[in-house]
There are 2 protein chains.
Amino acid sequence: MATSLHAHVVEHLGSRIVSGQIPRGSIILAADLEQKLQVSRSVIREAVRVLAQCGLVNSTKRVGIRVLSAEHWNPYDDHVIRWRLASDQKGAQLRSLTELRISVEPMAAELAAEVAPEDMRKELMLISAQMNHYGRQGDLRRFLELDIRFHALVLAASGNEMFANLSTPIGAILRGRTELGLMPERPHEEALLWHQSVADAISNSDPAAARRNMESIMRRTHNEISSLWENEPRLFVDPAKTS
Amino acid sequence: MATSLHAHVVEHLGSRIVSGQIPRGSIILAADLEQKLQVSRSVIREAVRVLAQCGLVNSTKRVGIRVLSAEHWNPYDDHVIRWRLASDQKGAQLRSLTELRISVEPMAAELAAEVAPEDMRKELMLISAQMNHYGRQGDLRRFLELDIRFHALVLAASGNEMFANLSTPIGAILRGRTELGLMPERPHEEALLWHQSVADAISNSDPAAARRNMESIMRRTHNEISSLWENEPRLFVDPAKTS
DNA sequence: TGACACCAATCTGTGCAGGCATAAAAATAA
DNA sequence: TTATTTTTATGCCTGCACAGATTGGTGTCA
């Protein structure tokens, strides 16, 4: 994935900071990094700029590159989300994302029923039909990909780019859920019906029904996986004190 | 604000790209930028790296720095949000953010009632009392600041860092709303009661009541300002086609 | 003696200038 | 059409000067 030297350094430092291998509060010197990673200053500096935008570090003169604590991290940054999912904060990250999608997807479905363009409504109907087919057949691999596409489409069809942008991490959740074996042998009949009803409602411009059925999906989703993070500590970020 | 040279260049290019002064699809050459902005290559390169992370540009060898279209922009990036609010996409940005907060804040209130730490519950009670005081007194300036603090606190008290991170842009919405004169002479009595009820419910660990009252606030908010973006075009970002 | 303000040394990121290597588009040849 | 060469802009490296923040010392005054 990381083809450029620069991206390698970002990946190296970012993953280590998020995982805690480089403790918060540490001070790194750019010169040391040059030596340790065997790259030039320009590469280091560009990488540090990117990491600073992620909220992972904060470079100041005469002191060096300071590693910041988790409350400064940008929780919507794709890098940060990926690194957290690959660390022991995986549970906490899954919880945050799931709470977010539970909040957002019903509204997205409602909006989609109001404003979605015709081709997206059509594809939604197609996808839900295929979900029924492969779901009842027990083809979980194909069902997973369709499920991901379904939710991404609803988010996109809402016409809200902030919603649409959540499709990648939500796809990651869905993949993670099946990888962890949290999915039943074959999808519940109810779940299939709800997905079909969401697609129907959006197709028929029925916002209330779209929301209601999506809420059902979200409720079940929450029940199925909330046990994963029962004991994960929560992070309370007071914006006034973070400054 | 932009103290470093590097930040200046980011600001210069970013605002121009978002506003459309530099049209999407344009190809910029780093060498030209050096001349036009009278800065060195390292500054340009670091700025371009930052803009690339915002999804505004995409620098590739032998071709130059390509300006990307809006569907590639990172809608959660603070820079991007600020630039959009300062452009003619202000309406669309306000709509996206408002739809997001309407989705998220009821869940945040519900979670806060379950997991908020004691000091946050206390401060929430204090803030809502002050909101009552200054609201009934008609001191809109002070009420606005308290309102911003109130919603930021609920988001933080949810223990979901993705929710908490929305407090800055949501604060910007609230400020914008009063600047545009969309607030009544003095806050509605209902609104004051709902805020008080949210604080009470969180303080008494009553998730259902917290959600219900926050939903009331959100419903009224939506009714008050949705007219602003009645005619704003929506952006449908199909993740499969964006690549 | 001790507290405090001021100044100089020092350290590290920031910015500048120029060089070579390399990848990808474009032009040319097969 | 396909293969090859040429072109050209970014990627990466290095040496140098500057700015700003920390530190420690110096001197003054109580």
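Convention: sequence-line order gives letters A, B, ...; per-chain numbering from 1. These numbers were taken from a predicted model, which means no experiment stands behind them.
Using a cut-off of 4.0 Å between Lys/Arg side-chain N and Asp/Glu carboxylate O, A:Glu34 and A:Arg45 are scored as not salt-bridged. Taking the charged nitrogens against the carboxylate oxygens, A:Lys90 and A:Glu232 have no contact shorter than 4.0 Å, which rules out a salt bridge.
Looking at A:Ser4, its side chain does come within 3.5 Å of a backbone N or O of A:Ala7 through a donor-acceptor pair. In terms of modelled atom types and a separation under 3.5 Å, the side chain of B:Asn74 and the main chain of B:Gly55 share no donor-acceptor contact. No donor-acceptor distance shorter than 3.5 angstrom exists from the side chain of A:Arg177 to the backbone of A:Ile225, with no hydrogens or angles considered.
When the nearest nucleotides of DNA chain D are assigned to B:Ala30 and A:Glu34 by heavy-atom distance, the more 5′-ward of the two goes with B:Ala30. Along DNA chain D, the nucleotide closest to A:Val63 and the one closest to A:Val39 are compared, and the more 5′ of them pairs with A:Val39.
Counting only heavy atoms from C-beta on, B:Arg41 has its side chain closest to C:dG18 among D:dT10, C:dG18, C:dG15. Nearest to the side-chain atoms of A:Leu5 among the listed nucleotides C:dA24, C:dG15, D:dC13 stands D:dC13. Of the candidates C:dG13, D:dT7, D:dT14, C:dG13 carries the atom nearest the A:Leu29 side chain, counting heavy atoms from C-beta on. Nearest nucleotide to the B:Lys61 side chain, out of C:dG15, D:dT10, D:dC13: D:dT10. With distances taken from any side-chain atom of B:Ser59 to the nucleotides C:dT12, D:dT7, D:dT10, the minimum falls on D:dT10.
Summarising the geometry, the separation between CG on B:Leu33 and C1' on C:dA17 is reported as 17 Å, rounded to the nearest angstrom. Taking atom CZ of residue B:Arg45 and atom P of nucleotide C:dA17, one finds them 16 Å apart after rounding to whole Å. D:dT10 atom P lies 13 Å from atom CD of A:Glu46, rounded to whole Å. B:Gln38 places its CD atom 13 Å from the C1' atom of C:dA17, with the value rounded to the nearest Å.
In the interface, the side chain of A:Arg62 is paired with the base of D:dT22 through a donor and an acceptor atom under 3.5 Å apart.
Within 4.0 Å (heavy atoms only), B:Ile28 reaches sugar-phosphate atoms of the nucleic acid but no base atom. Contacts of A:Arg66 with the nucleic acid, taken as non-hydrogen atoms under 4.0 Å apart, are absent.
The side chain of B:Ser40 places no N or O atom within less than 4.0 Å of a non-bridging phosphate oxygen (OP1 or OP2) of C:dG15.
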